[in-house]
Amino acid sequence: MTDKIETGNIPKEKFEFAQREQALHDVKLDTKPIGYFRDAFNRFKRNKGSVVSAVIILLLLLYAIITPIFSPYSATFKDGFYSTVLPKISAKANGFWDGTKRERLGEIKYDYYSAVGQETGLNPLKKEYGTVLSDDGLSTLYDVKLDTYYKVGCQFLDLKPEEYAALMKYQNDNNVQVIYPMTEESKRPTAYRSDANYWYRTTGSRGKADKDENGNFVDIYMRDGSDGGVTDLDKYDSLRIDGDDGTLQYAFKNQTGYRVRVCYYRYFEYVNGFEPCFVFGTTGNGQDLFGALARGARFSFILAISVSLINMIIGAIFGAIEGYYGGALDLVMERFVEILSGVPFIILATLFQFHLSNKVGVVPSLLFAFVLTGWIGTAATVRTQFYRFKHQEYVLAARTLGAKDARLMFRHIFPNSLGTIITSSVLVIPGVIGTESMLSYLNIVNLEGSGTTSVGALLSAGQGLMSTDPHVLLFPAVFLALLMICFNLFGNGLRDAFNPSLRGSGE
């Protein structure tokens with residue numbers, strides 16, 4: 001350029017003072033300094049998968065904490081009559097999550113459930129889709145939508161005198177029929193003598209309905225003097241079913257009080273104060289799966305977090321000593337670690353359950369098995385970090401100023417390795433939950449005697465029902481799979497967030 005001023009030939013008048021009348025000083029920064037954890041949090045937020053996983057883990061944790069508190073079913077609740085019923089979201093649900101399933105019934109079963117609905121007013125046959133021929137073409141099958149709650153029908157119960165009186169009073173006060181007439185045992189099908197739902201006449205041992213000429217069921221209710229002249233029948237002073245002329249018998253005395261026949265759906269409502277409704281269905285022994293899974297998840301979370309904290313403390317101290325002092329001490333401590341790590345965990349857990357659990361209990365022995373060797377991975381991580389940072393300039397400067405070993409270890413070196421330690425400790429949690437579930441599933445650890453349950457115990461209980469009632473296995477399996485996947489994604493996000501080499505990246 002022609003007007004370019006050559007260096008050393010700038011005229012004097014071109015020079016002038018800038019800000020001649022102002023005092024020059026450092027300008028205050030407009031932004032606040034970002035700390036280590038704040039910077040890690042900012043990086044973590046940018047990982048959408050990890051954020052979503054953290055939210056899901058939080059929801060699962062809240063489910064495990066809150067559900068047992070507000071569940072209407074206690075931890076000891078079990079109802080054998082409602083075993084393996086299907087999920088039902090509310091007592092009034094209809095069409096979705098309503099405790100029904102589609103089945104094809106033979107004529108005997110179709111009449112059986114029709115009779116249940118006719119007597120109690122609670123028809124298990126919620127919907128009929130028509131009929132089809134069986135594979136051999138010799139019989140008719142009924143394609144229906146079956147209510148797993150209503151199909152329980154009536155059941156025989158033994159009540160104490162005061163319980164019997166209270167139930168009769170409940171019927172009168174609420175105008176609800178709970179007690180139904182007793183049936184003559186000799187007229188029930190031979191193969192189903194104990195089935196309380198056979199209130200109608202049948203032929204043969206299989207219970208084929210023997211209807212009248214109009215196609216109606218013929219009752220076999222117990223009346224005065226019926227069933228071999230039974231006379232020790234209790235006086236009944238409560239609601240009676242339609243068509244009762246006063247001769248039907250609703251109970252008879254036994255050694256403990258009274259033998260009665262009740263509509264179990266209404267009896268459940270009488271005992272508990274609400275209609276039966278299980279959001280996830282029930283297990284094979286009639287336990288509410290929604291509450292049981294929450295209690296099992298809570299136990300698994302508590303166990304895993306406890307193991308993680310204990311292992312972090314032991315591993316941090318052991319690894320810090322190894323990494324800081326090194327030398328012969330490090331060699332001796334590493335040989336000790338190699339001996340412990342050579343013992344297979346499953347053998348260790350099995351031996352503890354066979355021998356130690358009889359003295360201290362199942363849960364403490366399981367915790368001890370996890371802690372005995374679980375800290376080794378944390379110790380190795382801390383040891384590596386101490387070897388990495390102990391010769392840094394700021395550590396040498398602190399030592400020159402007179403800092404003691406404990407201060408150098410836990411005030412100068414340890415904080416720099418905290419991110420890695422936290423990440424490894426968090427990833428221990430899903431590992432413990434998965435291992436505990438595996439041990440419970442294989443029945444190596446049996447928590448039934450300890451009064452608690454776990455996700456693995458529920459998986460083990462549902463294994464035998466996989467083909468007939470898959471929901472018993474489905475919900476614990478989905479919970480465990482979701483938890484493991486989310487913890488892995490969450491751990492990956494933490495690893496990147498606490499990586500010092502990424503500090504300030506993405507700004």
Side-chain angles (χ1 to χ4, degrees), residues 72 77-82 91 112-124 147 149-189 192-202 207 209 212 216-277 286:
F77 172 85
K78 291 180 181 179
D79 193 322
F81 294 117
Y82 281 134
Y112 177 88
Y113 290 128
S114 297
V116 169
Q118 181 175 319
E119 182 183 35
T120 64
L122 304 174
N123 191 3
D147 191 306
Y149 291 77
Y150 288 171
K151 78 172 189 177
V152 175
C154 290
Q155 299 294 332
F156 291 119
L157 295 178
D158 293 318
L159 302 179
K160 297 178 181 178
E162 59 273 16
E163 294 173 337
Y164 179 52
L167 183 53
M168 288 194 294
K169 184 178 184 302
Y170 171 81
Q171 287 191 145
N172 292 331
D173 293 344
N174 296 274
N175 195 31
V176 176
Q177 189 76 48
V178 181
I179 306 176
Y180 283 79
M182 299 293 288
T183 58
E184 297 188 50
E185 183 177 356
S186 61
K187 294 183 179 180
R188 296 178 214 144
Y192 305 102
R193 284 288 166 86
S194 61
D195 193 331
N197 284 313
Y198 281 101
W199 63 271
Y200 54 94
R201 190 175 65 194
T202 60
D212 61 16
N216 298 320
F217 293 105
V218 179
D219 74 78
I220 56 171
Y221 290 138
M222 188 180 292
R223 292 174 169 82
D224 285 336
S226 63
D227 201 39
V230 174
T231 57
D232 190 17
L233 296 172
D234 187 70
K235 297 297 183 182
Y236 178 73
D237 184 21
S238 189
L239 293 180
R240 293 178 177 269
I241 65 172
D242 293 339
D244 183 3
D245 57 1
T247 62
L248 296 183
Q249 302 299 319
Y250 289 78
F252 65 85
K253 290 183 179 179
N254 57 19
Q255 294 179 347
T256 59
Y258 296 92
R259 180 80 164 172
V260 297
R261 180 172 168 266
V262 300
C263 172
Y264 196 75
Y265 191 94
R266 297 302 181 198
Y267 182 77
F268 183 99
E269 188 177 7
Y270 157 71
V271 171
N272 297 283
F274 52 86
E275 297 181 50
C277 178

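Residues: numbered from 1 along the sequence shown. Reckoned from all heavy atoms, side chains included, excluding hydrogens, waters and symmetry mates. Model, not experiment: these values are computed from the prediction.
Partners of R193 by salt bridge (charged side-chain N to carboxylate O under 4.0 Å, His left out), not counting sequence neighbours: none found. Under the side-chain hydrogen bond (donor to acceptor under 3.5 Å, both in side chains) criterion, D212 pairs with no residue, sequence neighbours left out.
Taken to the nearest 0.5 Å, the CD atom of E119 stands 6.0 Å off from the CH2 atom of W199. Here the CG atom belonging to L239 is positioned 9.0 Å from the OH atom belonging to Y250, to the nearest 0.5 angstrom. To the nearest 0.5 Å, atoms CG (D237) and CG (N172) are separated by 6.5 Å. Rounding to the nearest 0.5 Å places OH of Y150 at 9.5 Å from SG of C263. The structure places CG of D242 at 8.5 Å from CD of Q177, a figure rounded to the nearest 0.5 Å. In this structure, E163 CD and T256 OG1 are separated by 9.0 Å, a value rounded to the nearest 0.5 Å.
Distance alone, capped at 3.5 Å, is enough to place a donor-acceptor pair between the Q249 side chain and the T247 backbone. When atom types are taken as modelled, the side chain of R188 and the backbone of D195 share no donor-acceptor pair closer than 3.5 angstrom. Distance alone, capped at 3.5 Å, is enough to place a donor-acceptor pair between the Q171 side chain and the I179 backbone. Proximity of a side-chain donor or acceptor of R261 to a complementary backbone N or O of C154 within less than 3.5 Å is not detected.
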| message | One pair to check against side chain to side chain contact (heavy atoms under 4.5 Å, CB included): Y82 and Y265. What are the steps and the verdict? | response | CA-CA 10 Å; Y82 281 134; Y265 191 94; 3.4 Å; yes
Apply side chain to side chain contact (heavy atoms under 4.5 Å, CB included) to Y170 and V178, showing your working.
-> CA-CA 9 Å; Y170 171 81; V178 181; 4.0 Å; yes
Test side chain to side chain contact (heavy atoms under 4.5 Å, CB included) applied to T183 and Y198, step by step: CA-CA 8 Å; T183 58; Y198 281 101; over 6 Å; no
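Across all their heavy atoms, F77 and D79 have their closest contact at CZ-CB, 3.8 Å. Nearest heavy atoms, P124 versus V116: CG-CG1, 3.9 Å. Across A91 and C277, no two heavy atoms sit closer than the pair N-SG, 3.9 Å. Q155 and N197 get closest at one heavy-atom pair: NE2-ND2, 4.4 Å. Minimum interatomic distance between M168 and S238 (heavy atoms only, all atoms of both residues): O-OG, 3.0 Å. The shortest heavy-atom contact between P161 and G257 is CD-CA, 3.9 Å.
In summary, of the residues considered (Y221, Y112, F217), a ring-ring contact (aromatic ring centres under 6.0 Å, His included) with Y200 occurs for F217 alone.
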Listing, residues 266-273 side-chain donor-acceptor contacts under 3.5 Å, not counting sequence neighbours, or none:
from	atom 1	to	atom 2	distance (Å)
R266	NH1	E269	OE1	3.2
N272	ND2	F268	O	3.0

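Y236 and D244 share no side-chain donor-acceptor pair at under 3.5 Å.
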